[in-house]
Visitor: 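Pasting in a structure now, in structure tokens, and then I'll have a few things to ask.
As the structure is a prediction and not an experimental result, all values here were calculated from the model. No hydrogens, no waters, no symmetry mates; every other heavy atom, side chains included, goes into these values.
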Amino acid sequence: FTKTFPHLRGLCPGSRVAVVATTTTFQDALSSQYLAQHFTTGTLLTPTTKLAQVTRNALKNEGISTVYLVGGSLAITTTVAAAIGKLPAYQCGGTNPSGTISVKRIFGQTQYGTARAVAEFVGTGSSLSFPGAYTGTNATKGTGSYNDTGGLGSGAPSGSVPTAIVANGTEFQDAQAASVISYRTKLPLLL
């Protein structure tokens with residue numbers, strides 16, 4: 001917590017953004033990490049139906065003016081969203097309140113759909129880059145995502161092989177965390 005939101009050292013997120021996910025399930029919290037990285041901030045957790053006091057304190061102390069809720073209203077209720085939206089937007093260190101916190105929500109039809117929604121929101125960028133992977137057609141007319149470890153550019157060289165992401169399928173946390181990258185880069189996720 002102190003590394004992600006180190007307000008005591010005067011290092012509040014310059015974006016003044018925080019990402020909030022539920023403590024009830026881990027899927028949304030795992031997907032939220034890419035969104036947090038995109039905004040150079042961190043993810044705060046709260047129960048589904050009540051805004052956690054530690055989250056409320058962090059929003060104040062970190063000078064947060066915009067909150068992105070990750071997950072639908074079954075993950076974080078509209079009551080929690082409304083409670084956040086009523087909080088003053090402070091400056092870093094919890095001083096000089098001005099206006100209220102803006103609340104936005106990113107979600108899909110399911111927890112896995114939320115991973116897709118995060119990927120689409122963030123788009124291509126440093127938080128979703130996969131070095132050496134690109135989509136193209138190789139010399140044998142195979143179309144897909146390929147590994148360009150030789151750094152030859154966007155044309156898939158003859159003999160290039162499809163690239164995939166491999167994750168542990170036992171409990172799916174790793175696969176869920178990788179699903180945002182998998183969707184964005186169009187790479188298969190193998191368990």
Side-chain angles (χ1 to χ4, degrees), residues 1 3-5 13 15-52 54-55 58-59 62 64 66-82 84-85 101-136 143-148 162-191:
F1 180 81
K3 287 181 181 178
T4 303
F5 291 111
S15 64
R16 298 192 65 203
V17 170
V19 177
V20 176
T22 181
T23 57
T24 305
T25 59
F26 62 84
Q27 289 92 340
D28 292 336
L30 289 171
S31 297
S32 76
Q33 299 309 302
Y34 298 98
L35 186 62
Q37 183 180 358
H38 175 73
F39 287 116
T40 318
T41 190
T43 297
L44 299 170
L45 300 176
T46 192
T48 295
T49 59
K50 182 180 178 186
L51 180 59
V54 68
T55 301
L59 294 173
E62 296 306 320
I64 302 301
T66 303
V67 166
Y68 282 87
L69 302 177
V70 178
S73 59
L74 294 177
I76 299 175
T77 62
T78 55
T79 302
V80 172
I84 293 171
I101 294 175
S102 171
V103 179
K104 301 174 182 188
R105 191 182 292 266
I106 297 177
F107 67 100
Q109 294 297 320
T110 66
Q111 293 158 330
Y112 306 104
T114 296
R116 176 181 175 173
V118 168
E120 289 175 344
F121 179 87
V122 172
T124 304
S126 61
S127 65
L128 291 177
S129 294
F130 197 78
Y134 62 88
T135 301
T143 301
S145 294
Y146 295 89
N147 188 343
D148 182 24
T163 301
I165 299 171
V166 178
N168 184 329
T170 304
E171 302 225 2
F172 296 103
Q173 291 92 330
D174 294 338
Q176 178 64 34
S179 66
V180 176
I181 294 175
S182 176
Y183 176 79
R184 190 67 215 166
T185 59
K186 307 297 186 238
L187 292 172
L189 181 57
L190 307 176
L191 303 178

Visitor: Tell me which one of D28, V70, T114 satisfies side-chain contact (heavy atoms from CB on, under 4.5 Å) with F107.
Guide: T114
Visitor: Where do A52 and P47 come nearest, in terms of heavy atoms and distance?
Guide: CB-CD, 3.7 Å
Visitor: Check whether any side-chain heavy atom of L45 lies under 4.5 Å from a side-chain heavy atom of T22, and answer yes or no.
Guide: no
Visitor: Of all heavy-atom pairs between T40 and P13, which one has the smallest distance, and what is that distance?
Guide: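 For T40 and P13, the tightest heavy-atom pair comes out as O-CB, 3.8 Å.
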Visitor: Would you compute the distance between atom OG1 of T55 and atom CD1 of I64 and round it to the nearest 0.5 angstrom?
Guide: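 With rounding to 0.5 Å, OG1 (T55) is 11.5 Å from CD1 (I64).
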Visitor: Tell me, do L35 and I106 make a side-chain contact under 4.5 Å, heavy atoms counted?
Guide: yes
Visitor: Could you check T24 against T48 for side-chain hydrogen bond (donor to acceptor under 3.5 Å, both in side chains), going step by step and ending with a plain yes or no?
Guide: CA-CA 7 Å; T24 305; T48 295; 2.7 Å; yes
Visitor: Please test S32 against T43 for side-chain hydrogen bond (donor to acceptor under 3.5 Å, both in side chains), starting from the C-alpha separation and ending with a verdict.
Guide: CA-CA 7 Å; S32 76; T43 297; 3.0 Å; yes
Visitor: Starting at CZ of F121, measure out to NZ of K104 and round the result to the nearest 0.5 Å.
Guide: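 Nearest 0.5 Å value for the CZ-NZ distance: 7.0 Å.
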Visitor: Does any part of the side chain of R116, heavy atoms only, come nearer than 4.5 Å to the side chain of E120, both counted from C-beta?
Guide: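 In short, these two side chains touch, coming nearer than 4.5 Å.
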Visitor: Determine the minimum heavy-atom distance between V180 and A115, stating which atoms define it.
Guide: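 Of all heavy-atom pairs spanning V180 and A115, the closest is CG2-O, 3.7 Å.
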Visitor: Which value, rounded to the nearest 0.5 Å, describes the distance between Q176 atom CD and L189 atom CG?
Guide: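 Rounded to the nearest 0.5 Å, the CD-CG separation comes out at 9.5 Å.
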Visitor: In the structure I gave you, are the side-chain heavy atoms of V19 and T41 within less than 4.5 Å of one another anywhere?
Guide: yes
Visitor: To the nearest 0.5 Å, tell me how far R105 CZ sits from Y68 OH.
Guide: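 It is 13.5 Å, given to the nearest 0.5 Å.
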Visitor: Can you check side chain to side chain contact (heavy atoms under 4.5 Å, CB included) on V103 and L69, steps first, answer last?
Guide: CA-CA 7 Å; V103 179; L69 302 177; 3.7 Å; yes
Visitor: Measuring only between side-chain heavy atoms, which start at C-beta, is V67 closer than 4.5 Å to L59?
Guide: yes
Visitor: How many angstroms lie between CD in Q27 and OG in S179, if you round to the nearest 0.5 Å?
Guide: 9.5 Å
Visitor: Would you call T23 and T46 a side-chain contact if the rule is heavy atoms closer than 4.5 Å?
Guide: no
